[in-house]
Amino acid sequence: MEIIKAVLFGIVEGITEWLPVSSTGHMILLDEFVKLKGSADFVNVFLVVIQLGAIFAVVLQFWNQLFPFQFKDKNRPVIEMDKMILWGKILLTCIPAAVIGILFDDVFEAMFYHAVPVAIALIVFGIAFIVIERWNKGKRPRMKTVEDLTISAVLIIGVFQLIAAIFPGTSRSGATIVGALLIGVSRKAASEFTFFLAVPVMLGASLLKVLQYGFAFSGSELLVLAVGMITAFLVSIVVIRFLMDYIKKHDFQAFGWYRIVLGIIVLLCSMAGVIQV
């Protein structure tokens with residue numbers, strides 16, 4: 001039964017990590033109904049480290065765009081400077097969330113990692129998607145590719161990523177895409193840059209959890225974690241390809257409406273006592 005639960009969590013993680021609907025929010029809500037057995041420390045580690053499977057999917061899908069060392073000469077690697085510059089932008093974007101996350105992660109978790117804050121964040125950013133997409137309708141993006149992103153642009157995206165780090169339900173991908181669309185980045189570039197940002201962000205979050213709790217778990221718990229990660233990896237590959245094809249013909253308004261509806265359902269369930277506030 002725990003293996004089945006791990007598969008379910010992996011599916012939810014693999015879908016919601018890349019679609020702008022909040023993976024953390026969905027994982028918190030799923031945990032209300034599907035309780036993993038094991039120590040509290042294991043569950044805390046599982047809900048974060050399972051994201052590593054999703055990271056590997058990004059690395060696999062975008063290896064040629066991310067890996068700056070090309071072995072064109074058998075004797076030594078060639079460093080591609082455009083990719084080094086890209087990594088500079090990625091790391092610069094991550095600084096605000098990294099600093100605040102390290103200092104106040106436990107505080108934010110205690111204050112906001114509950115059903116009602118998640119629901120409010122889902123609704124607020126759902127409205128933001130609809131408003132921004134309608135505001136941008138007919139406008140040509142000023143930055144069409146990831147390479148076009150300016151320093152000021154990545155800093156603004158970093159602030160939006162910080163909002164997601166504080167408020168679960170906001171969605172890291174959702175917040176960064178909203179911020180990017182707001183300043184004139186194309187949907188394709190906004191989505192790709194969001195995928196790239198996930199690599200250091202999730203690695204950092206997973207490392208913090210491992211340092212905090214360690215891996216002193218039973219063999220069965222580690223098996224459950226491995227199954228969750230593998231499932232998240234496989235599902236993420238499909239979802240990333242789907243999203244990149246989807247945005248060629250559609251905008252993000254459908255995800256905005258989904259967030260609003262889900263947020264309302266969560267609020268109603270909280271008021272009815274179905275899930276804990």
Side-chain angles (χ1 to χ4, degrees), residues 13-14 16-20 22-24 27 44-70 79-106 108-109 143 145-168 170-180 185 188-213 229 232-233 236-237 239-240 243-244:
E13 166 63 25
T16 60
E17 187 61 55
W18 309 116
L19 301 184
S22 175
S23 63
T24 302
M27 296 291 271
N44 283 328
V45 170
F46 177 89
L47 293 177
V48 174
V49 177
I50 190 179
Q51 297 173 340
L52 288 175
I55 292 178
F56 296 145
V58 169
V59 173
L60 177 65
Q61 294 279 83
F62 296 98
W63 177 264
N64 290 333
Q65 291 173 252
L66 289 173
F67 192 65
F69 305 104
Q70 299 297 323
I79 301 176
E80 297 189 347
M81 291 308 299
D82 58 334
K83 293 175 183 176
M84 293 298 292
I85 293 172
L86 172 60
W87 272 107
K89 293 178 181 179
I90 292 171
L91 296 177
L92 183 61
T93 307
C94 293
I95 289 175
V99 172
I100 299 300
I102 291 172
L103 295 176
F104 302 105
D105 182 58
D106 292 338
F108 296 145
E109 188 169 330
M143 290 167 272
T145 68
V146 171
E147 290 73 23
D148 294 336
L149 293 175
T150 62
I151 298 300
S152 59
V154 300
L155 287 174
I156 292 171
I157 294 171
V159 171
F160 275 84
Q161 183 166 248
L162 173 59
I163 296 173
I166 297 173
F167 300 104
T170 301
S171 168
R172 187 197 57 78
S173 61
T176 52
I177 288 173
V178 163
V185 181
K188 181 176 183 293
S191 300
E192 285 186 355
F193 195 62
T194 293
F195 296 155
F196 300 163
L197 289 177
V199 177
V201 169
M202 293 185 194
L203 282 174
S206 299
L207 179 60
L208 284 176
K209 284 297 180 183
V210 171
L211 290 176
Q212 184 177 0
Y213 295 105
M229 289 175 58
F233 168 76
S236 290
I237 290 175
V239 172
I240 290 171
L243 183 60
M244 296 311 296

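Just the heavy atoms: all of them, side chains too, but no hydrogens, waters or symmetry mates, feed the values below.
Between Arg172 and Met202, some side-chain heavy-atom pair lies under the 4.5 Å cut-off. Ser173 places none of its side-chain heavy atoms less than 4.5 Å from the side chain of Glu17. Side-chain contact between Leu155 and Val159 is absent, with no heavy atoms from C-beta onward closer than 4.5 Å. Using a 4.5 Å heavy-atom threshold, the side chains of Pro96 and Gln161 count as separate. Inter-residue side-chain proximity for Ile157 and Leu197 is flagged as met; some heavy-atom pair is nearer than 4.5 Å. Using a 4.5 Å heavy-atom cutoff, the side chains of Thr16 and Ser22 are not in contact.
With sequence neighbours excluded, the residues that form a salt bridge (Lys or Arg N to Asp or Glu O under 4.0 Å) with Lys83 are Glu80. For Leu103, the side-chain contact (heavy atoms from CB on, under 4.5 Å) partners two or more places apart in sequence, or in a different chain, are Val99. Here Thr145 pairs with Glu147, Asp148 under the side-chain hydrogen bond (donor to acceptor under 3.5 Å, both in side chains) rule; sequence neighbours left out. Thr176 is linked by a side-chain hydrogen bond (donor to acceptor under 3.5 Å, both in side chains) to Thr194, counting only residues two or more places apart in sequence or in another chain.
Considering every non-hydrogen atom in both Gly174 and Pro20, the closest pair reads CA-CB, 3.5 Å. Shown here for Ala189 and Met143, the closest heavy-atom pair between the two residues is CB-O, 4.3 Å. For Val154 against Ile151, the heavy-atom pair with the smallest separation is CG2-O, 3.1 Å. Taking both residues in full, the closest heavy atoms of Pro200 and Ile90 are given as CG-CG2, 3.6 Å, listed atom of the first, atom of the second, then distance. The minimum heavy-atom distance linking Lys89 with Val146 is given by the pair NZ-O, 4.0 Å.
Pairs engaging residues 50-68 under the salt bridge (Lys or Arg N to Asp or Glu O under 4.0 Å) rule: none recorded [sequence neighbours left out].
Taking CG of Leu149 as the start and CD1 of Ile156 as the end, the distance is 11.0 Å to the nearest 0.5 Å. To the nearest 0.5 Å, the span separating CG on Leu211 from CG on Leu207 amounts to 4.5 Å. To the nearest 0.5 Å, atoms CD1 (Ile100) and CD1 (Ile163) are separated by 12.0 Å. Distance check, rounded to the nearest 0.5 Å: CZ of Phe46 to CE of Met27 gives 6.0 Å. Between the CG atom in Leu203 and the CG atom in Leu208 there is a gap of 11.0 Å [rounded to 0.5 Å]. Annotation: the span from Ser191 atom OG to Phe196 atom CZ amounts to 10.5 Å, rounded to 0.5 Å.
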Show me the donor-acceptor pairs, under 3.5 Å and distance only, between side chains in residues 47-62 and residues at least two apart or in other chains.
unit_1	atom_1	unit_2	atom_2	d
Gln61	OE1	Arg241	NE	3.3
Gln61	OE1	Arg241	NH2	3.3

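Using the six-membered ring where Trp is involved, Phe69 and Phe67 have ring planes that are perpendicular, over 60° apart on the 30 and 60° scheme.
Between Phe193 and Phe195, the gap from one ring centroid to the other reaches at least 6.0 Å.
Looking at Trp18 and Ser236, their side chains do bring a donor and an acceptor atom within 3.5 Å of each other.
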